Amino acid sequence: MTIYLYNTLSRKKEIFETVEPNKVKMYVCGPTVYDASHIGHARSVVVFDVLVRYLRARGFDVVYVRNFTDVDDKIIAKANQTGMSCMDLAEKFIQEFYVDMDALKVERATYEPRATHHIDDIIRIVQILIDKGHAYPLDGDVYFAVDRFSGYGKLSGRKLDDMEAGARVDVDIRKRNPFDFALWKAAKPGEPEWDSPWGKGRPGWHIECSAMSFALLGETIDIHGGGMDLTFPHHENEVAQSEAAFGKTFVKYWVHNGFVNINHEKMSKSLGNFLLIKDVLKSYHPEVVRLFLLSSHYRSPIDFNDKIMDESSTALDKVYTLLARLEKRLEKNPVLSQSGDLWERFCEAMDDDLNTAKGIGLVFESVRILNHLLDESDKTFSSTLQQTLLTAWSDLQKIGRILGVFGEVPDQYASDRRSLGLQKTDVDPAWIEQMIADRTSARKAREWQKADEIRKQLEAMNVIIEDRPDGTLWRMG
RNA sequence: GGCGGCAUAGCCAAGUGGUAAGGCAACGGUCUGCAAAAUCGUUAUUCUUCGGUUCAAAUCCGAAUGCCGCCUCCA
């Protein structure tokens, strides 16, 4: 088995080889907790959630760190605006983050450190950088000197000279180079502050990740992830800080996920189109959201819109319908069997730079084949077929555990879908049940016209019914 | 101005040298009292355009066009 991962550093897919055999040290930049999480956060978190699940399924011992940035300009600004303390504000949004991500079935990371819990580690690294001549104090601030780190720009593919040409950085004449960035910021009145050798202050944005990564994972880690926008300056600066401080390679594989657009527009404050996870979940099942997020390759931009979400819902329904059929056919409480062809091919897709889109394609291909087999098996039955169905069911379960989908009991899923659908209308489920009961009597009496009339009425309310041998089911269209 | 990415059917989306996965939508058949679900079939001789390399290109190289991202906080 060979896993390939695209490395932003080399701009190529590379063979994934860990520093220590079978052990993966992975750090992903988490949210700055000053507001509720949006669908873009969801993509990043879900993508790396799947990466960790997959690596673990492939036998790696993964230590996964995802941080919270809980001290920052934006948090201070929001705190001042709302009258909350920075600490309370950060705590509030950390809890909201967990509510959203738990709903999206995201597994917890091994460590979920907060910047403010690592101030000592941060100060220690800043001091090392000063001692080594990579940083300089200035009026209570401390800046990293980009000129003193020869590798500066290697991650994002920039050269200092080129950047200065179009310089859109605010010129702070005190700094030695306009691209020097703050490791430590002197405290201003009313801001959170900690004692340091340079006076009271707080950490800059980039240093916390270097510090927490070092504290929890050591000098060199295997994977560092985050959204594409973090490549520069955030990750570039992390490389500079960590490698300048410790003289070792900081990260072997840099993995960056693409953005989520909303109706073909970038999410932005000015457009006011930030789509919060909690709002999305009012309309769509969490697994629909995951399926949508994973239906494109993680580095491609994706577009969130009602049409694509409805299609994802239909697609997920299809899988659950098949699972329900399979489970009815198999023995009671089937147990996972040996892996089959579907799982093998899924892994091949995932080995190739986490190609979830291809993997999901394979799932749907096998759903069709299995439905066909089930149709056929109504006529002919064999134990070979039974084994085939069990293996396929088992593979689907395993795939679902990687992608974080297909995890519900099919009946529960159907009932969740009904509830979500009902929220959009004011149809009373008791009324629906009554209509269906009326229709059933009409059908028994062979009053087809009356039965069809009722069905049309239900359809007008977006209620789709399905006559099964053992009764009539309904769902929201 | 600098750096980078993308362009595959009506829509979404895989495919990085060997002759176009999958989903949605649409239409037709099977099943059904009729539907729904499921299934079968049809829907790209062709991958933005133009050159080049090759026995062979959607895939590699060059150019053009279009869209997008980063360079400022951003997942």
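Remember, it's a predicted structure, so these values are computed and weren't measured experimentally.
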* When you check the phosphate oxygens OP1 and OP2 of B:U39, does a side-chain N or O of A:Lys318 lie under 4.0 Å from one of them? ->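 Answer yes for this pair, as a side-chain N or O of A:Lys318 is under 4.0 Å from OP1 or OP2.
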* Would you tell me if any nitrogen or oxygen in the side chain of A:Lys266 comes within less than 4.0 Å of OP1 or OP2 on B:C67? =>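 A:Lys266 to B:C67 OP1/OP2: no side-chain N or O under 4.0 Å.
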* Do A:Glu112 and A:Tyr98 have side-chain atoms, one donor and one acceptor, less than 3.5 Å apart? ->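 Result is yes, a qualifying pair exists.
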* Asked: Looking only at side chains, do A:Arg174 and A:Tyr143 share a donor and an acceptor under 3.5 Å apart?
  ->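 Short answer, yes.
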What's the [atom1]-[atom2] distance between [X] and [N], to the nearest Å?
| X | N | atom1 | atom2 | result |
| --- | --- | --- | --- | --- |
| A:Tyr152 | B:C3 | OH | P | 17 Å |
| A:Trp474 | B:A35 | CH2 | P | 23 Å |
| A:Glu208 | B:C73 | CD | C1' | 14 Å |
| A:Lys12 | B:G5 | NZ | C1' | 17 Å |
| A:Tyr27 | B:A75 | OH | C1' | 14 Å |
| A:Phe179 | B:C3 | CZ | C1' | 12 Å |
| A:Met228 | B:C70 | CE | C1' | 10 Å |
| A:Asn237 | B:C73 | CG | C1' | 14 Å |

So what does [X] hit on the nucleic acid, given a heavy-atom distance under 4.0 Å: a base, only sugar-phosphate, or nothing?
| X | value |
| --- | --- |
| A:Arg158 | base |
| A:Arg299 | nothing |
| A:Gly361 | base |
| A:Met267 | base |
| A:Asp467 | base |
| A:Leu362 | nothing |
| A:Val260 | base |
| A:Gly258 | base |

Counterpart base for [N], defined by Watson-Crick or G-U wobble contacts under 3.5 Å:
| N | value |
| --- | --- |
| B:U32 | none |
| B:U54 | none |
| B:G41 | B:C27 |
| B:G17 | none |
| B:U72 | none |
| B:C67 | B:G5 |

* Taking the six-membered ring for Trp, are A:Phe68 and A:Phe97 ring centroids under 6.0 Å apart? ->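 Centroid distance A:Phe68-A:Phe97: below 6.0 Å, so yes.
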* Asked: Does the ring center of A:Phe250 lie less than 6.0 Å from the ring center of A:His224?
  ->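 Yes, they do, as the ring centres are separated by less than 6.0 Å.
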* To do: Name every residue in residues 438-450 of chain A that has at least one heavy atom under 4.0 Å from any atom of RNA chain B, in order of residue number, or write none if there are no such residues.
  =>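 Heavy-atom contacts with RNA chain B come from A:Arg439, A:Arg443, A:Trp448.
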* Of the listed nucleotides B:A75, B:G23, B:C34, the one nearest the side chain of A:Asn257 ->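 Looking only at heavy atoms from C-beta outward on A:Asn257, the closest nucleotide is B:A75.
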* **Nearest-neighbour nucleotide for the A:Asp229 side chain, B:C71, B:A75, B:G22 considered** =>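 Nearest listed nucleotide: B:A75.
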* For nucleotides 10-15 of chain B, read 5' to 3', which letter fits each nucleotide if B means a protein heavy atom sits under 4.0 Å from the base, S means only the sugar-phosphate is that close, and - means neither? -> -SSSSS
* Would you say the side chain of A:Asp375 and the base of B:C31 hold a donor-acceptor pair, judged only by whether the two atoms sit under 3.5 Å apart? ->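 In this structure, the two groups form no donor-acceptor pair.
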* Could you tell me whether a side-chain N or O of A:Arg114 sits under 3.5 Å from a main-chain N or O of A:Val71, the two making a donor and an acceptor? =>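 Checking the backbone N and O of A:Val71 against the side chain of A:Arg114, no donor-acceptor pair under 3.5 Å is found.
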* **Point-to-point distance, once rounded to the nearest 0.5 Å, from CD1 of A:Ile3 to CG of A:Asp353** =>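 One gets 11.0 Å once the value is rounded to the nearest 0.5 Å.
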Tabulate protein N/O versus nucleotide N/O from nucleotides 26-29 of chain B, keeping only pairs under 3.5 Å, one per line.
none

* Are A:Phe259 and the base of B:A75 stacked, counting only ring centres nearer than 5.5 Å and planes tilted under 30°? ->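 It does: the two rings, one from A:Phe259 and one from B:A75, meet the stacking criterion.
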